Amino acid sequence: MDALIDQGEYAALGYCTYLNQASLGLIPRASVEASVRFLTEVAQHGNLRLSDQAEATVLDGLRAAAAELLGAPVASVAVVGGASEGLGQLAALLSSAAGEVVLVPTDFPSVTYPWLAARDRLGLRIRWVRDTPDRDLTLSLADAISERTTVVCVSAVQFATGSQVDVAALAARARDAGARVVVDVTQMAGAAPVTMTHWGVDALVCSGYKWLSAPAGVALLAVTENLAAAIPVIVGWKGSATPFDFTPRELSLAADARRFELSTMSYSAAIGLLTSIKLLTGIGLTAISEHASRLAAELAEQTAPLGWAPYRALGDRSASGLIVSLRHPAAATDEVQAVLANQHNINTSSRAGGIRVSLHAYNNSDDIRALTQALGSIGPR
């Protein structure tokens with residue numbers, strides 16, 4: 001199966017088989033060039049190329065592209081410096097001493113840490129829901145919601161196992177209980193469709209440097225209209241409706257999600273992210289997701305005779321085709337991962353007892369065969 005993006009678009013693919021998109025994404029040449037071009041112009045010409053007016057509108061195109069990417073109104077979108085920034089803002093806004101948040105203990109730490117801090121600071125209760133291969137993760141999360149639950153915060157796809165949540169079903173259950181839902185789509189957006197409005201969630205957060213194939217230093221936050229009307233716990237001068245009016249004695253926040261934007265940020269990374277979003281949405285996110293799922297099926301079939309199996313069977317509703325965590329009953333996966341990298345130039349991750357394989361638009365069947373052959377030559381370690 002051929003890749004959906006010519007591998008020549010990504011400079012790093014010339015010397016290794018790259019199956020680790022969910023750790024630190026490769027950046028297309030066009031996005032690198034756009035970032036460097038912007039950075040160079042500002043570095044060499046300063047405010048001649050980035051006036052106050054230009055800076056005030058520099059993120060407008062990205063917000064519009066992000067709204068389409070996330071299935072959200074443009075007014076719901078803020079551009080922030082990182083997913084942790086957005087998640088921290090939301091946890092600070094939604095936490096209370098009387099509240100309870102539902103979390104997955106093996107989720108990425110940026111999803112859980114802000115709530116742990118709220119527990120220690122305010123007394124917020126935490127209810128943990130384990131991600132186990134014998135139980136549908138969506139059902140486990142839904143069953144944990146009670147009349148005490150005020151927030152559910154979870155990654156749409158779990159970074160270590162590839163377990164996927166039916167976000168719309170989870171949000172419907174949370175609504176019935178009067179709870180908010182915050183979803184980190186870092187391991188999904190850019191490789192599969194995301195629809196905030198259809199899902200009915202209260203907020204989405206997404207890093208730019210993973211599946212979205214952008215430089216580090218930029219992320220996306222999308223919130224519903226009622227959250228966009230709240231005063232953020234942390235505010236910055238760029239959150240003003242007219243930031244370049246410089247009115248330090250008057251808090252005049254933007255009427256939409258832009259009020260969550262704090263300060264001057266990595267505009268060059270934002271320009272790169274805009275370029276990458278256009279590239280990925282131009283291919284089609286459904287097409288990318290289906291491509292990854294077909295490669296995942298090839299991976300499971302080819303590695304099964306070697307004793308490797310996905311954390312979840314690929315037909316499981318909670319299984320994602322984007323991230324496959326291969327397990328072997330006799331393998332030390334950290335050792336196998338190191339041999340794959342050092343002796344076979346195959347880039348994967350070792351996470352939570354599995355070899356994590358992340359499949360994106362630039363991967364193809366040759367990558368699957370290369371990994372299978374390498375695993376066959378290595379054997380359990």
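For the single chain, residues carry numbers from 1 onward in sequence order. The model shown is predicted, which means the values in this text are computed figures rather than measured ones.
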Requested in this report: Working to the nearest 0.5 Å, report the span between CD of Gln164 and CG of Asp316.
Outcome: 10.5 Å
Requested in this report: State plainly whether the residues Arg63 and Glu261 are in salt-bridge range, i.e. N to O under 4.0 Å.
Outcome: yes
Query raised in the report: Thinking salt bridges, do Arg175 and Asp202 make one under a 4.0 Å N-O criterion?
Result: no
Requested in this report: Check step by step if side chain to side chain contact (heavy atoms under 4.5 Å, CB included) holds for Val80 and Leu262.
Outcome: CA-CA 7 Å; Val80 295; Leu262 294 178; over 6 Å; no
Query - Residue pair Leu170 / Trp199, side-chain heavy-atom distance below 4.5 Å - result: no
Requested in this report: Spell out, as yes or no, whether a donor-acceptor pair under 3.5 Å connects the side chain of Arg173 to the backbone of Ile145.
Outcome: yes
Query raised in the report: Roughly how far, to the nearest 0.5 Å, is OG of Ser349 from CG of Asp334?
Result: 12.0 Å
Query raised in the report: Just by distance, do the side chain of Ser266 and the backbone of Ala269 share a donor-acceptor pair under 3.5 Å?
Result: yes
Requested in this report: Ignoring hydrogens and angles, tell me if any N or O in the side chain of His328 forms a donor-acceptor pair with the backbone of Gly354 under 3.5 Å.
Outcome: no
Query raised in the report: Can any side-chain N or O of Thr275 pair as donor or acceptor with the backbone N or O of Ala34 at less than 3.5 Å?
Result: no
Requested in this report: Before giving the answer on side chain to side chain contact (heavy atoms under 4.5 Å, CB included), spell out for Met188 and Ser320 the whole-Å C-alpha distance, their side-chain angles and the decisive distance to 0.1 Å.
Outcome: CA-CA 9 Å; Met188 175 182 278; Ser320 167; over 6 Å; no
Query raised in the report: Quick one: do Ile277 and Leu322 end up in the same hydrophobic cluster if we chain Ile, Leu, Val, Met, Phe, Trp and Tyr together by side-chain heavy atoms under 4.5 Å apart?
Result: yes
Query raised in the report: Under 3.5 Å, side chain of Thr57 to main-chain N/O of Ala54, donor-acceptor pair present?
Result: yes
Query - Main-chain N/O of Thr286 paired with His291 side-chain donor or acceptor, under 3.5 Å - result: no
Query raised in the report: Is it the case that more than 12 heavy atoms not belonging to Glu301 sit under 6.0 Å from its CD atom?
Result: no
Report summary line: What one should report as the nearest heavy-atom pair of Ala228 and Ala257 is CB-N, 3.9 Å
**Report entry** Straight-line distance of Thr348 OG1 to Ile355 CD1, nearest 0.5 Å
**Finding:** 4.5 Å
Query raised in the report: In Å and rounded to the nearest 0.5 Å, what is the CD to OG1 distance from Glu298 to Thr303?
Result: 11.5 Å
Query - For Phe244, ring pair (Phe, Tyr, Trp, His ring centres under 6.0 Å) partners two or more places apart - result: Trp237, Phe246
Query raised in the report: Pick one: which of Leu273, Val185, Leu220 meets side chain to side chain contact (heavy atoms under 4.5 Å, CB included) with Leu69?
Result: Leu220
Query raised in the report: Taking everything shown except Asn226 itself, do over 12 heavy atoms lie less than 6.0 Å from its CG?
Result: yes
Report task. Calculate, to the nearest 0.5 Å, the distance between atoms CH2 and CG belonging to Trp308 and Leu375 respectively. Result -> 5.5 Å
Requested in this report: Report yes or no: do Thr161 and Asp131 form a side-chain donor-acceptor pair below 3.5 Å?
Outcome: yes
Query raised in the report: Can you name the closest pair of heavy atoms from Ala179 and Val151 and give their distance?
Result: CB-N, 4.2 Å
Query raised in the report: Judged by atom type as modelled, is there a donor-acceptor pair below 3.5 Å linking the side chain of Ser263 to the main-chain atoms of Gly236?
Result: no
Query raised in the report: For Ile288, which residues count as a side-chain contact (heavy atoms from CB on, under 4.5 Å) partner, sequence neighbours excluded?
Result: Leu4, Ala191, Leu280, Ile283, Leu285, His360, Ala361
Requested in this report: Consider only side-chain N and O atoms of Glu100 and Thr149, and report whether a donor and an acceptor are under 3.5 Å apart.
Outcome: yes
**Report entry** Intermediate values then yes/no, side chain to side chain contact (heavy atoms under 4.5 Å, CB included), Leu227 and Leu93
**Finding:** CA-CA 9 Å; Leu227 282 181; Leu93 192 62; 4.0 Å; yes
Query raised in the report: Judged by atom type as modelled, is there a donor-acceptor pair below 3.5 Å linking the side chain of Ser155 to the main-chain atoms of Gln158?
Result: no
**Report entry** Criterion side chain to side chain contact (heavy atoms under 4.5 Å, CB included) on Thr132 and Arg135, from CA distance to verdict
**Finding:** CA-CA 6 Å; Thr132 60; Arg135 185 100 201 278; 3.6 Å; yes
Query raised in the report: What's the spacing between Ser96 OG and Arg125 CZ if we round to 0.5 Å?
Result: 8.5 Å
Requested in this report: For Cys153 and Val111, work out which heavy atoms get closest and say how close.
Outcome: SG-CG1, 3.6 Å
Query raised in the report: Does atom CZ of Arg130 have more than 12 heavy-atom neighbours from other groups under 6.0 Å away?
Result: no
Query raised in the report: With a 4.5 Å limit on heavy-atom distance, are the side chains of Leu359 and Ile368 in contact?
Result: yes
Requested in this report: State which residue, out of Gln337, Glu335, Arg356, fulfils the side chain to side chain contact (heavy atoms under 4.5 Å, CB included) condition with Ser350.
Outcome: Gln337
Query - Polar side-chain atom of Ser268 near backbone of Leu39 as donor-acceptor pair, under 3.5 Å - result: no
Query raised in the report: Any ion pair linking Asp366 and Arg369 (charged N to carboxylate O, less than 4.0 Å)?
Result: yes
Query raised in the report: Backbone N or O of Ile27 within a donor-acceptor pair of the Ser31 side chain at under 3.5 Å?
Result: no
Query - Test item: side-chain donor near acceptor, Asp245 and Thr247, under 3.5 Å - result: no
